[in-house]
Amino acid sequence: MKRMFALLLSALFALTLAGCGGEEPTESAPAPTSAPPASEQSETASQSEASRIWTEGEVLELYEAEREENWEMADCVTFYDQSSGLVGAVLFRNSDTQTAGVAFLGADGACRMGGADAQLADEPGFEYLGDGTVTFKVKGEDGKVRSHTMSITIEGVNVTFKSVDK
């Protein structure tokens with residue numbers, strides 16, 4: 001027991017010495033600046049939280065919190081859309097209707113879903129094009145694969161989806 005205590009004490013002493021460089025600073029440290037008002041701090045914090053780079057795992061976590069049982073995730077893209085506060089989108093397959101859907105996810109945790117009245121292609125090629133627009137491939141009733149573009153526009157509480165097959 002004494003041996004362990006001596007080892008622990010020696011390790012602590014070595015760490016303490018390693019932290020002491022013995023060098024005198026050549027310049028004095030700058031005087032601390034006053035913090036911005038609380039309102040500016042919260043605004044800055046929310047801006048940095050929204051504009052940070054979101055990982056695919058974080059976007060999927062937002063999706064999982066809102067998804068329905070019959071939604072099977074097919075693909076995910078991350079992005080930051082400053083105008084709408086979107087941080088990513090998840091392409092999913094509705095197993096009940098066999099149609100494709102897109103969940104657009106916001107930094108605030110909001111999940112907005114739009115659907116395509118078509119079956120998802122085997123290789124959907126899900127991509128974010130910018131300005132709240134994604135593209136992916138769907139299969140028509142004739143079995144032909146075509147591009148599908150879906151856009152989301154958020155203006156206050158109004159959310160609008162636009163879907164176009166190409």
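Quick note: residue numbers are just sequence positions, from 1.
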*Asks:* Hey, mind stepping through Ile152 and Val159 against side chain to side chain contact (heavy atoms under 4.5 Å, CB included) and telling me if it holds?
*Replies:* CA-CA 7 Å; Ile152 184 172; Val159 178; 3.9 Å; yes

*Asks:* Can you list the residues that meet the side-chain contact (heavy atoms from CB on, under 4.5 Å) rule with Asp81, with sequence neighbours excluded?
*Replies:* Phe79, Ser83, Ser84, Leu86, Tyr128

*Asks:* Measuring from Phe104:CZ to Met113:CE, what's the distance to the nearest 0.5 Å?
*Replies:* 11.5 Å

*Asks:* Who pairs with Glu66 by side-chain contact (heavy atoms from CB on, under 4.5 Å), at least two apart in sequence or on another chain?
*Replies:* Cys111

*Asks:* So which heavy atom on Val134 is nearest to which on Ala89, and how close?
*Replies:* CG1-CB, 4.2 Å

*Asks:* Where do His148 and Ala116 come nearest, in terms of heavy atoms and distance?
*Replies:* NE2-CB, 3.5 Å

*Asks:* Mind checking salt bridge (charged side-chain N to carboxylate O under 4.0 Å, His left out) for Glu64 and listing every partner two or more places apart, or none if nothing turns up?
*Replies:* Arg67

*Asks:* Would you give the length of the straight line joining atom CZ of Phe136 to atom CG of Leu120, rounded to the nearest 0.5 angstrom?
*Replies:* 7.0 Å

*Asks:* Begin from the C-alpha positions of Val90 and Val59 and carry the test side chain to side chain contact (heavy atoms under 4.5 Å, CB included) through to its verdict.
*Replies:* CA-CA 8 Å; Val90 173; Val59 170; 4.2 Å; yes

*Asks:* Are Phe161 and Val77 linked, directly or through other ILVMFWY residues, by side chains that come within less than 4.5 angstrom of each other?
*Replies:* yes

*Asks:* My understanding is that only residues two or more places apart in sequence, or in another chain, count here; which of them pass salt bridge (charged side-chain N to carboxylate O under 4.0 Å, His left out) with Glu58?
*Replies:* Arg52

*Asks:* In this structure, would Met73 and Val87 fall into the same cluster of hydrophobic residues linked by side-chain contacts under 4.5 Å?
*Replies:* yes

*Asks:* Please report the shortest heavy-atom distance between Pro124 and Leu91, naming the atom on each side.
*Replies:* CB-CD2, 3.6 Å

*Asks:* Could you list all the side-chain hydrogen bond (donor to acceptor under 3.5 Å, both in side chains) pairs where at least one residue sits in residues 149-161, not counting sequence neighbours?
*Replies:* Thr133-Ser151

*Asks:* What pairs of residues pass the side-chain hydrogen bond (donor to acceptor under 3.5 Å, both in side chains) test when at least one of them lies in residues 137-147, not counting sequence neighbours?
*Replies:* Arg146-Asp165

*Asks:* My understanding is that only residues two or more places apart in sequence, or in another chain, count here; which of them pass side-chain contact (heavy atoms from CB on, under 4.5 Å) with Glu127?
*Replies:* Thr135

*Asks:* Kindly state each residue pair satisfying side-chain hydrogen bond (donor to acceptor under 3.5 Å, both in side chains) with at least one member in residues 105-124, sequence neighbours excluded.
*Replies:* none

*Asks:* Side chains of Phe126 and Val102: does their closest heavy-atom pair fall under 4.5 Å?
*Replies:* yes

*Asks:* Can you sort out the partners of Asp131 under salt bridge (charged side-chain N to carboxylate O under 4.0 Å, His left out), two or more places apart, ordered by chain and number?
*Replies:* none

*Asks:* Only counting residues at least two apart or in another chain, list the ones meeting side-chain contact (heavy atoms from CB on, under 4.5 Å) with Glu72.
*Replies:* Arg93, Ser95

*Asks:* Would you say that Gln82 contacts Tyr80 through its side chain, given a criterion of any heavy-atom pair below 4.5 Å between the two side chains?
*Replies:* yes

